[in-house]
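Since the structure is predicted, the reported quantities are computational estimates derived from the model, not experimental observations. All heavy atoms count here, side chains included; hydrogens, waters and symmetry mates do not.
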Amino acid sequence: MKLFSVETLKGMNYEELGIVTGSTIQSKNFVSDFGQGLKSIVGGELKSYTAMMEKARNMATNRMIDEAVKQGADAIIGVRYTTSAIMAQAAEVLVYGTAIRYKG
């Protein structure tokens with residue numbers, strides 16, 4: 001499955017199948033969260049949070065792809081990611097785009 005951030009594929013003949021989405025909500029455990037809280041005092045990258053968000057993006061993307069495959073899509077265009085805080089220690093990652101099927 002190919003993913004494209006562009007809104008259209010110039011020179012390609014395809015039909016739009018509709019919007020597809022994928023999401024996940026992730027949180028860190030207390031021990032890891034405490035350690036990252038200490039790290040934020042001195043500054044620097046919060047590596048366990050970076051890893052958590054990368055995992056969340058991958059999970060959300062795979063869920064979107066699964067939805068597109070069920071519709072018979074060949075690709076997804078207009079792919080966008082967004083995040084939001086659900087509560088103090090939890091974040092949602094949402095990905096969405098338009099599933100397409102190539103013609104002829």
Side-chain angles (χ1 to χ4, degrees):
M1 175 73 56
K2 291 194 175 190
L3 306 178
F4 299 94
S5 61
V6 295
E7 299 297 322
T8 61
L9 297 177
K10 294 181 181 179
M12 298 292 295
N13 190 14
Y14 59 88
E15 64 177 312
E16 295 180 3
L17 302 176
I19 294 173
V20 287
T21 64
S23 69
T24 186
I25 298 173
Q26 296 286 310
S27 67
K28 293 301 291 177
N29 67 46
F30 174 76
V31 173
S32 178
D33 196 47
F34 180 75
Q36 293 303 289
L38 293 175
K39 176 72 173 179
S40 69
I41 293 171
V42 296
E45 180 180 6
L46 304 176
K47 291 182 181 182
S48 70
Y49 281 108
T50 300
M52 177 190 76
M53 294 305 289
E54 182 176 346
K55 178 182 175 185
R57 280 190 304 276
N58 289 336
M59 288 175 68
T61 301
N62 288 333
R63 289 175 179 170
M64 178 185 66
I65 290 170
D66 289 346
E67 187 178 327
V69 167
K70 287 177 187 173
Q71 294 183 23
D74 297 310
I76 305 170
I77 59 173
V79 175
R80 301 288 183 268
Y81 290 87
T82 185
T83 61
S84 61
I86 300 302
M87 53 187 274
Q89 287 83 22
E92 177 188 29
V93 174
L94 170 69
V95 59
Y96 58 94
T98 302
I100 63 168
R101 181 181 306 130
Y102 299 123
K103 291 182 174 182

* Are the side chains of Arg57 and Val95 in touch, meaning some heavy atoms are under 4.5 Å apart? -> no
* Asked: Can you find a heavy atom in the side chain of Phe4 that is under 4.5 Å from one in the side chain of Leu9?
  -> yes
Can you give me the closest heavy-atom contact between [X] and [Y], atom names plus distance?
{"X": "Ala56", "Y": "Gln26", "result": "CB-CG, 3.5 Å"}
{"X": "Ala99", "Y": "Ala73", "result": "CB-CB, 3.7 Å"}
{"X": "Ile77", "Y": "Glu7", "result": "CD1-O, 3.1 Å"}
{"X": "Ser23", "Y": "Leu94", "result": "CB-CD1, 4.0 Å"}
{"X": "Ala68", "Y": "Ile76", "result": "CB-CD1, 3.7 Å"}

* Salt bridge present between Glu54 and Lys47 (N-O < 4.0 angstrom) -> no
* Separation of Met52 CE from Thr24 OG1 (nearest 0.5 Å) -> 9.5 Å
* Asked: Distance from Ile25 atom CD1 to Met87 atom CE, nearest 0.5 Å?
  -> 10.0 Å
* Asked: Would a distance-only check, ignoring hydrogens and angles, find a side-chain to backbone donor-acceptor pair under 3.5 Å from Arg80 to Gly97?
  -> no
* To do: Using atom types as modelled and distance alone, determine if a side-chain donor or acceptor of Arg101 lies under 3.5 Å from a backbone N or O of Gln71.
  => yes
* Asked: Heavy-atom count around Ile19 CD1 within 6.0 Å, excluding the residue itself: above 12?
  -> no
Identify whether [X] and [Y] are in the same connected component of the hydrophobic contact network (ILVMFWY, side-chain heavy atoms under 4.5 Å).
{"X": "Met64", "Y": "Met59", "answer": "no"}
{"X": "Val6", "Y": "Met12", "answer": "yes"}
{"X": "Ile100", "Y": "Met1", "answer": "no"}

* **Thr61-Tyr81 side chain donor-acceptor pair, cut-off 3.5 Å** => yes
* Test log, rule side-chain contact (heavy atoms from CB on, under 4.5 Å), inputs Glu15 and Lys103 -> CA-CA 7 Å; Glu15 64 177 312; Lys103 291 182 174 182; 3.6 Å; yes
